[in-house]
Amino acid sequence: MKALIAVLCIALLIAIKDLPGLYRKHRFKDMVVYIVMLAFGAWFSTIAAQAKETSSPLILIEMIYKPVNNLFSHLFNL
């Protein structure tokens, strides 16, 4: 729990430091991208800090590739 709070506090401090400059320059698209990237980074950092077991990204690639492979196998009778 301490790791979660530490990561979120650090992410909040980073946002407090960088976002006002983007707001003053009216760079709203950059702000949205910055917030999304910071949120993903904080999320992955909390998972890493808690030492949770994560599944491999290859599972997602297999889920996408398998139907495509079956389609081509069916179309070309391989």
Going through the checks in order, is the side chain to side chain contact (heavy atoms under 4.5 Å, CB included) test met by I35 and L19?
-> CA-CA 9 Å; I35 290 169; L19 287 177; 4.1 Å; yes
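- Pairing each heavy atom of L38 with each of A11, the nearest pair is CD2-O, 3.6 Å.
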Expected list for residues 57-67: side-chain donor-acceptor pairs under 3.5 angstrom, two or more places apart:
none

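- From L8, atom CG reaches atom CH2 of W43 across 13.5 Å, with rounding to the nearest 0.5 Å.
- Here the side chains of V32 and F28 are not in contact, with every heavy-atom distance at 4.5 Å or above.
- Counting heavy atoms from C-beta on, the side chains of M1 and L4 come closer than 4.5 Å.
- Atoms NZ and CD, from K2 and Q50 in turn, are 14.0 Å apart once rounded to the nearest 0.5 Å.
- Taking every heavy atom of both residues into account, P20 and A15 meet most closely at CD-O, 3.9 Å.
- Residue I10 is grouped with residue Y34 when hydrophobic side chains (ILVMFWY) are merged at heavy-atom distances under 4.5 angstrom, including chains of intermediate members.
- Under the salt bridge (Lys or Arg N to Asp or Glu O under 4.0 Å) criterion, D18 pairs with no residue at all, not counting sequence neighbours.
- Between F44 and F40, the two ring planes are parallel [angle under 30°; tilted spans 30° to 60°].
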